[in-house]
Number of protein chains: 2
Amino acid sequence: MHPLGRVTIGDVARTAGVSVATVSKVINGRYGVAAATSSRVRAVIEQLGYESSLVARSLRSHRTHVIGILVAEFEPYSTELLKGTSTGVTGTGYELLAYSGGGRAGEDVGWERRYLSRLSGTLIDGAILVTPTVVDVQFGIPVVAVDPHTGPSGLPTVDSDNLAGAVTATEHLINLGHKRIALLGGRPDLESARLREEGYRQAMGAAGIPVDDDLVRVGGYRPGTSDRPARELLTLAQPPTAVFAANDLSAIRVMEIAQTLGFRIPQDLSVIGFDNVPESTMSRPPLTTIRQPLQQMGAEAMRMLIDLIDGKEREPHLCLPTELVERDSCGPPRC
Amino acid sequence: MHPLGRVTIGDVARTAGVSVATVSKVINGRYGVAAATSSRVRAVIEQLGYESSLVARSLRSHRTHVIGILVAEFEPYSTELLKGTSTGVTGTGYELLAYSGGGRAGEDVGWERRYLSRLSGTLIDGAILVTPTVVDVQFGIPVVAVDPHTGPSGLPTVDSDNLAGAVTATEHLINLGHKRIALLGGRPDLESARLREEGYRQAMGAAGIPVDDDLVRVGGYRPGTSDRPARELLTLAQPPTAVFAANDLSAIRVMEIAQTLGFRIPQDLSVIGFDNVPESTMSRPPLTTIRQPLQQMGAEAMRMLIDLIDGKEREPHLCLPTELVERDSCGPPRC
DNA sequence: CTGTTAGCGCTTTCAC
DNA sequence: GTGAAAGCGCTAACAG
């Protein structure tokens with residue numbers, strides 16, 4: 001046996017007094033092994049605690065029953081999705097492998113292509129790409145995208161109704177009586193951010209409220225990136241009475257900065273977010289937001305991917321509904 | 001080039017008109033390659049979009065700069081930890097690979113040994129085991145355990161102060177005026193569950209309140225496993241006025257069942273949990289609980305593991321403090 | 001400087 | 001029914 005507890009198929013073969021090929025056959029339930037041999041080998045496997053190496057096996061056989069979830073980073077959004085894929089995969093016989101770079105991936109367009117190249121063809125039978133930046137159509141293995149930056153295009157996609165959600169958010173603020181409503185949007189290269197801005201403009205237009213372009217700012221989805229625009233918004237000569245932030249993390253940041261600046265929420269400023277990540281319930285005050293059914297999106301993406309692997313035809317785009325979640329960060333304007 | 005977009009080192013070599021070995025050398029920055037050759041190969045790599053296969057590479061070189069996080073399932077507890085490992089790994093040059101079975105692992109003692117065998121020696125340089133059931137000391141690669149079932153033993157371990165947390169929880173209930181305090185514990189084979197029960201008994205003893213053994217029940221950490229004991233507790237002739245549940249998910253379940261039975265919370269029944277997973281803020285009412293610093297535990301486990309890989313000496317056991325998080329599920333007893 | 005060779009742990013023909 | 005041999009994509013000696 002090897003020095004460090006690593007048991008290989010060779011160790012099993014030697015101990016059982018058979019060839020490596022035979023051990024492989026019993027492991028994979030191939031025909032052509034005597035019952036006696038089979039059970040002897042099985043006993044040795046048990047005794048040695050042997051488990052076949054995923055790596056070596058996949059290099060050869062190109063079918064691993066492992067599905068990859070590729071994310072830029074493990075943060076609230078991707079981990080909610082992960083919970084969903086976990087429930088979606090139970091009972092299917094697949095195992096899950098979530099892969100993420102060391103945090104550098106965030107700034108780095110094309111991370112998903114690199115990760116996929118590293119893992120596909122070997123190791124994973126299919127992949128779910130979480131908010132990929134570019135979506136080449138050619139990947140070599142079945143792939144489904146969740147909320148891709150560029151919107152559904154080519155790849156099978158799961159996302160949620162960003163436009164309707166943004167309209168709902170804006171209408172909620174309007175119904176509360178707000179007129180000076182700011183938008184702290186996301187990066188313009190993100191389709192979801194674009195749709196959320198469009199929803200904002202639609203709702204404002206429908207209510208006959210002109211959009212003051214001073215109140216429309218670009219933030220980011222990542223911590224820190226929305227600090228500056230938020231501060232600018234709130235230190236305007238005539239600050240907004242409400243802010244629609246394009247994701248929860250930036251909405252929470254807006255609240256923190258506003259409070260630093262002396263605003264009380266929701267009395268002096270209403271804030272609404274987007275996503276409904278668990279963190280939105282922990283802010284002070286708890287954040288009113290638009291729920292994306294993230295766990296469900298993860299589970300659906302998993303189902304879609306497994307169908308793809310099995311060669312079943314599927315509608316290539318699934319768009320799940322969003323909904324308003326009222327908590328305590330919105331109220332009528334002070335006037 | 002291969003049919004499906006898979007580009008191998010062989011393709012690169014052929015296109016660049018050099019041998020596979022040379023390509024390998026430029027990829028790994030080995031000495032002994034002419035500058036001209038090197039840049040030509042680099043250009044081809046770029047052009048073909050080649051990325052070396054993690055699998056093939058790791059099979060050979062046994063150093064991958066990938067760290068594995070092995071979990072039974074992606075649920076609130078493990079994903080919080082995951083967020084922490086993600087922040088702990090940034091800037092270290094390592095990538096993260098979180099591996100989970102298809103949900104069957106939960107019931108299955110020894111899952112961590114199997115996963116580790118499948119991945120270690122190849123693929124990952126070290127592993128973080130999340131709530132492993134058994135901890136053999138011999139694993140072949142550096143391993144750190146987070147909150148192992150059997151408590152710290154042999155393996156480097158990160159956990160939190162379960163005993164003190166349980167004392168705090170019970171004292172909180174006692175200070176509120178409760179005397180009939182039930183414990184819905186965890187599986188007795190879990191060290192953490194044992195410590196939480198011990199904390200409960202210590203606090204009760206210190207306050208001079210005898211423990212009614214009818215009020216001490218065993219639940220489970222997984223959904224569904226605490227329904228029966230919870231119902232039994234609440235339908236007692238003389239039900240408790242407060243319940244200390246040994247984790248948040250079971251505490252939330254207790255509240256749901258109590259409400260079904262007509263209890264108002266916290267007026268008729270106080271409930272306190274343990275863990276402070278994000279879900280505890282979303283229950284109705286929001287759950288008072290004991291916080292384990294899960295993200296911090298993840299980050300610390302990552303640091304400990306990297307030190308181990310680098311051969312640095314470390315204190316083998318890190319125990320982080322717990323703290324009371326007051327929300328709305330606890331109040332004084334009714335009478 | 002570059003290519004040839006061997007082999008990581010495994011599966012898979014194909015002889016015996 | 002069983003084993004020898006080839007090869008998956010890659011890296012690491014070693015020759016040339």
Side-chain angles (χ1 to χ4, degrees), chain A residues 1-14 16-41 45 48 50-66 117-125 140-141, chain B residues 1-14 16-41 45 48 50-66 117-125 140-141:
Chain A
M1 205 161 110
H2 296 218
L4 291 161
R6 161 111 316 82
V7 183
T8 72
I9 196 173
D11 299 320
V12 175
R14 209 169 312 118
V18 295
S19 78
V20 167
T22 304
V23 176
S24 175
K25 277 174 199 152
V26 350
I27 290 168
N28 297 291
R30 297 276 173 280
Y31 289 110
V33 183
T37 314
S38 177
S39 61
R40 181 155 40 94
V41 170
I45 288 175
L48 260 40
Y50 168 74
E51 187 80 16
S52 76
S53 158
L54 183 58
V55 167
R57 174 197 290 248
S58 73
L59 190 54
R60 209 51 249 259
S61 64
H62 290 199
R63 190 73 198 273
T64 57
H65 292 282
V66 174
S117 298
R118 286 168 69 81
L119 303 181
S120 86
T122 43
L123 241 214
I124 56 178
D125 291 345
I141 54 171
Chain B
M1 207 160 111
H2 295 218
L4 291 162
R6 161 110 318 80
V7 183
T8 72
I9 196 173
D11 299 321
V12 175
R14 210 169 311 118
V18 296
S19 77
V20 167
T22 304
V23 177
S24 175
K25 277 176 200 151
V26 348
I27 290 169
N28 296 291
R30 296 276 174 280
Y31 289 109
V33 183
T37 314
S38 177
S39 60
R40 181 155 40 95
V41 169
I45 287 175
L48 261 39
Y50 168 73
E51 187 80 16
S52 75
S53 158
L54 183 59
V55 167
R57 174 198 292 249
S58 72
L59 189 55
R60 209 49 251 255
S61 65
H62 291 199
R63 189 72 198 272
T64 58
H65 293 282
V66 174
S117 298
R118 287 168 68 81
L119 303 181
S120 86
T122 45
L123 240 214
I124 56 179
D125 290 346
I141 54 171

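Lettering follows sequence order; numbering is per chain, from 1.
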Can you name the one residue among B:V18, B:T37, B:V12, B:V33 that meets side-chain contact (heavy atoms from CB on, under 4.5 Å) with B:V26? B:V33
A:H65 atom NE2 is separated from C:dC10 atom C1', nearest whole Å, by 16 Å
Gap between atoms CD1 and C1', on A:I124 and D:dC8 respectively (whole Å): 17 Å
Take atom CZ of A:R30 and atom P of D:dG3, then tell me their distance rounded to the nearest Å. 17 Å
C:dT2, OP1 or OP2 - any side-chain N/O from B:S19 closer than 4.0 Å? no
What is the distance, to the nearest angstrom, from the CG atom on A:N28 to the C1' atom on C:dT13? 15 Å
Side chain B:S24, main chain B:V20, donor-acceptor under 3.5 Å: no
How many angstroms lie between atom CZ of A:R14 and atom OG1 of A:T8, to the nearest 0.5 angstrom? 6.5 Å
Just checking B:A34: base, sugar-phosphate only, or nothing, at a heavy-atom cut-off of under 4.0 Å? sugar-phosphate
Just checking A:S24: base, sugar-phosphate only, or nothing, at a heavy-atom cut-off of under 4.0 Å? base
Short side-chain N/O contact from B:T37 to OP1 or OP2 of C:dT2, under 4.0 Å: yes
Which of the following nucleotides, C:dG3, D:dG3, C:dG9, is nearest to the side chain of A:I9? C:dG9
At less than 4.0 Å, is any side-chain N or O atom of A:R60 found next to OP1 or OP2 of C:dG9? Yes or no. no
Within this structure, what is the CD-to-C1' distance between A:E51 and C:dG9, rounded to whole angstrom? 14 Å
Nearest of D:dT11, C:dT11, D:dA4 to any side-chain atom of A:A21? D:dA4
Any non-hydrogen side-chain atom of A:L123 less than 4.5 Å from a side-chain atom of A:V66? no
With a non-hydrogen cut-off below 4.0 angstrom, is A:Y31 in contact with a base, only sugar-phosphate, or nothing? nothing
Does the side chain of B:T22 get closer than 4.0 angstrom to OP1 or OP2 of C:dG3 through an N or O atom? yes
Taking for each residue the nucleotide of DNA chain C with the nearest heavy atom, is it A:S53 or B:S38 whose nucleotide lies nearer the 5' end? B:S38
What nucleic acid atoms does A:V55 come within less than 4.0 Å of, heavy atoms only: base, sugar-phosphate, or nothing? nothing
For A:D125 and A:H65, which heavy atoms make the closest approach, and how far apart are they? OD2-N, 2.7 Å
Whole-Å distance between D:dA12 C1' and B:I27 CD1? 14 Å
From the options D:dA12, D:dG3, D:dG9, select the nucleotide whose nearest atom is closest to the side chain of A:L59. D:dG9
Look at the side chain of A:R57 and the backbone N and O of A:T64, then say whether any donor-acceptor pair between them is shorter than 3.5 Å. no
Can you tell me how far C1' of C:dG9 sits from CG of B:L123, to the nearest Å? 13 Å
NZ of A:K25 versus P of D:dG3: gap in Å, rounded? 8 Å
Using a cut-off of strictly less than 4.0 Å, decide whether B:R57 has a side-chain nitrogen or oxygen near OP1 or OP2 of D:dG9. no
